[in-house]
Peer 1: 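Take this structure first; my questions come after.
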Amino acid sequence: MSEATLTPVDAPSAASGAAAPAAPAQGAAIPQERRLVTEIPGPRSRELQERRRAVVPPGVHSVLPVYVDRAHDSIIVDVDGNHIIDVCGGIGVTTIGHTDDAVVAAATAQLGKVTHTLFTMTPYEPYVQVAEHLARSIAGAEGYKTLLMNSGAEAVENGVKIARKFTGRPGVAVLEHAYHGRTMLTSTMNFKAAPYALGYGPRASDVYKAPNSYPLHDGLSGAEAAARTIAYLEKTAGAEDLACLVVEPIQGEGGFIVPADGYLPALAEWCRDNGIVFIADEVQAGMARTGTIFSIEQFGVVPDIVLSAKGIAGGLPLAGITGRADIMDKSQPGGLGGTFGGNPVSCAAAVAVFEQIAEHDLLAEATRIGATFTAGLTALQAKYPAIAEVRGKGAMLAIEILKPGTLEPDADLVARVIDAAAQRGVLLLGTGAYNQGIRFLPSLKMSDALIADVLSVLDEAFAASV
Ligand SMILES: *Cc1c(COP(=O)(O)O)cnc(C)c1O
């Protein structure tokens, strides 16, 4: 594997970044290798961090204040010339890799044609193409229709809005450990008050939080956990007051929690029996990451509404609300939309993402990457007893870090391992309401060799931290 060297190579262009680079050529020129030329963060990054402190509030926090100059596929090049392996992808956004050539080409072509008319003024084809792709992507669904917005939180807001319109009910049910965004409604829907809702009240009304399925901690079968969730909601909310149940099939920020078998089908059945709209928030788990376009497919559930964002447009902002025609059609003309929703450049990029998934069989690649990572992480688990569990699906994986022999999270160890990996040029991210895990969201084009390097760095990081 590539060792960190001190060879000063590939210094970035002028610090102020005056000239717009010819992106595809530059991206392709970045070798898929880890290479450090300074400490992390380097001097240029530290300088920028000082400038930033004067003009950006601390509420906008950066996990690793390494300033990025450019990136391609799995490698981020910082302003000091360090080549860092990105195992986060901007939290599952650059799912098919940074500056994917096809995405860059499609977005560039669209930039030169038209960048904005407002779909609700004068429409354009790429929006319709994305809606067609999404309709085809939900296994078992027919005739689903799509509204496009800009962000995951907007997707959640609109999913709730559409479900309320359809049912005429106010209640929104969510699960413990959930994360749905940082707008006023979604910050109420999150499990964690801090940092997302604390001090920003009043919070939204009619949001009900129910226990989830968390097999490592609750030891319940899917049927038992579902019975608990349902009993809780019937008691605290009342089924007939619920417009929707919003569920991440695999909880993302919550810790990559995979529910026990049968949990989601039982919830979906209860929703169906009670006229509650079942909304799958696939913002993090979706877009091919788990080995199917949407992860819910692997749980055998056909959701009424699917929310997508993060990975949908290869790094450009776009979000989809895709649902049953009878539900989606209930909103009056003008009731749905927004100035930038379904921007043509983002839509062109999203079409390229769908085409890349098909062309390069990225569903199978997600499975390959998942298998390679799982084997390596399981080997590390045998070596480091703090790794309580290796879990996930496809290329959405996490390890949970507990104090050995207990169910007590070891957030300090998580932080030390992530820091030690960053010092060695691997960008990792924690996960979980108690910071009890480390998540892996690699590019679906990451090679086995690069994965092996990530795993060897992780091994070193654990050895240096336990
Ligand atoms: C990130 C995320 C959101 C919010 O998306 P934004 O684009 O940050 O608004 C919503 N739901 C889930 C599951 C997410 O992971």
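From a predicted model like this one, the values you see are computed outputs, not experimental measurements. First listed ligand is number 1; within each ligand, the first listed atom is number 1.
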Peer 1: At less than 4.0 angstrom from any non-hydrogen atom of Tyr179, what atoms of ligand 1 do you find?
Peer 2: 1 (C), 2 (C), 3 (C), 11 (N), 12 (C), 13 (C), 14 (C)
Peer 1: Among pairs that include at least one residue of residues 336-354, which meet side-chain hydrogen bond (donor to acceptor under 3.5 Å, both in side chains), considering only residues two or more places apart or in two chains?
Peer 2: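 For residues 336-354: none.
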Peer 1: State the atoms of ligand 1, each with its element, that fall below the 4.0 Å cut-off from a heavy-atom position in Glu248.
Peer 2: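 Here the atoms of ligand 1 in question are 13 (C).
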Peer 1: Atom 10 (C) of ligand 1: which protein heavy atom is closest, and how many Å away?
Peer 2: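 Looking only at protein heavy atoms, the one closest to atom 10 (C) of ligand 1 is His180 O, 3.3 Å.
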Peer 1: Look at atom 9 (O) of ligand 1 and say which protein heavy atom is nearest, naming residue and atom and giving the distance to 0.1 Å.
Peer 2: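 Scanning the protein heavy atoms, the shortest distance from atom 9 (O) of ligand 1 goes to Ala153 N, 2.7 Å.
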Peer 1: Which atoms of ligand 1 sit under 4.0 Å from any heavy atom of Asp281?
Peer 2: 10 (C), 11 (N), 12 (C), 13 (C)
Peer 1: With sequence neighbours left out, which residue pairs that include part of residues 188-206 fulfil the side-chain hydrogen bond (donor to acceptor under 3.5 Å, both in side chains) condition?
Peer 2: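 Residue pairs passing side-chain hydrogen bond (donor to acceptor under 3.5 Å, both in side chains), neighbours aside: none found.
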Peer 1: Flag the pair Tyr179 / Phe191 as yes when their ring centroid distance falls below 6.0 Å, and as no otherwise.
Peer 2: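 Judged by ring-centre distance (under 6.0 Å), Tyr179 and Phe191 do not meet the cut-off.
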Peer 1: Quick test: of every protein heavy atom, which one is nearest to atom 6 (P) of ligand 1, and how far off is it to 0.1 Å?
Peer 2: Gly152 N, 3.4 Å
Peer 1: Taking the minimum heavy-atom distance to atom 14 (C) of ligand 1, which of Lys310, Gln284, Glu157 ranks first?
Peer 2: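 Heavy atom nearest to atom 14 (C) of ligand 1 belongs to Lys310.
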Peer 1: Within the 4.5 Å heavy-atom criterion, are Phe278 and Val301 side-chain neighbours or not?
Peer 2: yes
Peer 1: Determine whether the side chain, the backbone, both or neither of Ser151 has a heavy atom under 4.0 Å from any heavy atom of ligand 1.
Peer 2: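 Both backbone and side chain of Ser151 come within 4.0 Å of ligand 1.
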Peer 1: Between Glu269 and Arg272, is there a salt bridge with N-O shorter than 4.0 Å?
Peer 2: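 So Arg272 does not pair with Glu269 through a salt bridge.
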Peer 1: Is it true that Glu253 and Arg439 have a side-chain N and a carboxylate O under 4.0 angstrom from each other?
Peer 2: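 So Glu253 pairs with Arg439 through a salt bridge.
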